[in-house]
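Letters A, B, ... mirror the listed sequences (proteins, then strands); counts begin at 1.
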Amino acid sequence: MSAVAFCLCLITTHELSQRMRQKKKLAKAEEQQSQADTAQMPSLKKPYLGPPLTMGSQHSIYFCQSLKDHSARLGSEFFDQPAISLARAFLGQVLVRRLGDGTQLRGCIVETEAYLGPEDEAAHSRGGRQTPRNRSMFMKPGTLYVYIIYGMYFCMNVSSQGDGACVLLRALEPLQGLETMRQLRSTLRKGTISRALKDRELCSGPSKLCQAFAIDKSFDQRDLAEDEAVWLERGSQEPSASAVVAAARIGIGHAGEWAQKPLRFYIRGNPWVSVVDKVAEQDTQA
DNA sequence: TCCCCGATGCGCT
DNA sequence: GCGCATCGGGGAG
């Protein structure tokens with residue numbers, strides 16, 4: 001069933017059955033997402049292979065990613081640095097996702113958060129906690145830590161140097177495969193009526209980018225330096241130190257003094273960032 | 001544009 | 001049984 005037909009079907013039902021169908025839709029979407037990595041995605045359009053579909057005047061002035069060099073994959077040595085350093089180093093690099101049908105998605109990293117390990121009260125590894133869920137936080141630098149949040153979304157982290165330390169990817173500037181991302185986001189979104197998502201809504205949040213890049217729990221514990229379906233490439237231009245804003249992390253109000261530490265990093269003035277912190281921007285003058 | 005709030009179910013204590 | 005590294009819709013300004 002196409003997404004449109006599916007939505008029309010939902011609109012005509014009363015609320016109770018609507019809720020039941022929402023659940024079915026979510027289950028179907030999750031199934032489709034899993035299949036995306038291993039098989040065909042018949043409902044998805046062919047990827048856009050032209051120049052980056054960025055938003056003209058709103059495109060970041062700090063860098064412009066070229067699509068020419070596809071061989072610049074970052075190796076394990078890149079990930080072998082402390083979380084704060086890695087979180088900064090990620091900015092301007094390009095996340096690449098190859099789907100089962102060969103479609104490639106690309107996005108430039110514009111926002112990250114560092115989680116420092118056992119000492120960090122906001123980290124899942126606080127106090128040295130090691131559980132089946134967060135095991136990948138303790139694995140070699142470059143290992144993906146993907147977990148489920150609020151029972152319905154995924155967040156994607158990359159293990160860094162230091163036991164239990166990692167970097168959360170919070171926002172990307174979509175560069176290639178925007179229509180596929182839009183399809184993936186629309187299919188996986190909660191709710192019944194799918195309005196068309198704006199480009200800025202595709203990857204401006206940790207779970208949004210997971211949806212747009214078809215990243216799910218099956219990516220947990222994968223090696224970003226070696227995996228065939230997801231990797232990182234060096235961007236054509238990295239932001240200068242003064243173009244990077246250090247702000248408090250998002251959604252960790254329970255973490256006491258650690259909630260205030262400037263461990264979120266984003267590119268100043270970049271329209272693809274999920275949450276702008278004007279006070280932090282004043283504190284870290286350009 | 002910002003704020004509020006409900007959805008949702010896994011993982012941990 | 002409770003909390004959560006989120007998201008999106010709706011309403012106010």
Pair A:R170, A:T112: side-chain N/O donor-acceptor within cut-off below 3.5 Å: no
Listed once per pair and sorted, the ring pair (Phe, Tyr, Trp, His ring centres under 6.0 Å) pairs that draw on residues 155-176 of chain A, sequence neighbours left out: none
A:Q260 and A:W258 side chains, donor-acceptor separation under 3.5 Å: no
NZ/NE/NH1/NH2 to OD/OE distance under 4.0 Å, A:R98 and A:E228: yes
Sorted by number, the residues of residues 141-149 of chain A with heavy-atom contact under 4.0 Å to DNA chain C: A:Y147, A:I149
Atom-pair distance (CZ on A:R185; C1' on C:dG9), nearest Å: 14 Å
Residues in side chain to side chain contact (heavy atoms under 4.5 Å, CB included) contact with A:I148, at least two apart in sequence or another chain: A:F154
Aromatic contact, A:H124 with A:Y147 (centres under 6.0 Å): yes
Residues forming a side chain to side chain contact (heavy atoms under 4.5 Å, CB included) with A:S136, sequence neighbours excluded: A:M139, A:T143, A:Y145, A:D220, A:Q221
Side-chain N,O (A:R129) to OP1/OP2 (B:dT13) below 4.0 Å: yes
Salt bridge (charged side-chain N to carboxylate O under 4.0 Å, His left out): pairs with one or both residues in residues 143-158 of chain A, sequence neighbours excluded: none
Any A:K208 side-chain N or O less than 4.0 Å from OP1/OP2 of C:dG8: yes
Atom pairs, N/O to N/O, protein against nucleotides 10-13 of chain C, distance under 3.5 Å?
none

Between B:dT8 (P) and A:Y153 (OH): distance, integer Å: 9 Å
With sequence neighbours excluded, residues passing side chain to side chain contact (heavy atoms under 4.5 Å, CB included) with A:S160: A:A83, A:L86, A:A165
Salt bridge (charged side-chain N to carboxylate O under 4.0 Å, His left out) contacts touching residues 135-154 of chain A (sequence neighbours left out): A:K140-A:D223
Listed pairs under 3.5 Å, donor-acceptor, residues 125-132 of chain A side chains, sequence neighbours left out:
{"residue": "A:S125", "atom": "OG", "partner": "A:G164", "partner atom": "O", "Å": "2.6"}
{"residue": "A:R126", "atom": "NH1", "partner": "A:A123", "partner atom": "O", "Å": "2.9"}
{"residue": "A:R129", "atom": "NH1", "partner": "A:R126", "partner atom": "O", "Å": "3.0"}
{"residue": "A:T131", "atom": "OG1", "partner": "A:R133", "partner atom": "N", "Å": "3.4"}
{"residue": "A:T131", "atom": "OG1", "partner": "A:N134", "partner atom": "N", "Å": "3.4"}
{"residue": "A:T131", "atom": "OG1", "partner": "A:N134", "partner atom": "OD1", "Å": "3.4"}

Strand DNA chain C in bracket notation, Watson-Crick/G-U under 3.5 Å with | for pairs to another chain: ||||.|||||||.
Sugar-phosphate only, base, or nothing, as touched by A:R133 at under 4.0 Å among non-hydrogen atoms: sugar-phosphate
Heavy-atom side-chain contact between A:R97 and A:R106 under 4.5 Å: no
Residues from residues 112-126 of chain A lying under 4.0 Å of DNA chain C - heavy atoms: A:Y115, A:A122, A:H124
A:Y150 over C:dT6, stacked by centroid distance under 5.5 Å, angle under 30°: yes
Could you list the protein-to-nucleotides 1-3 of chain B atom pairs, N/O on both sides, closer than 3.5 Å?
none

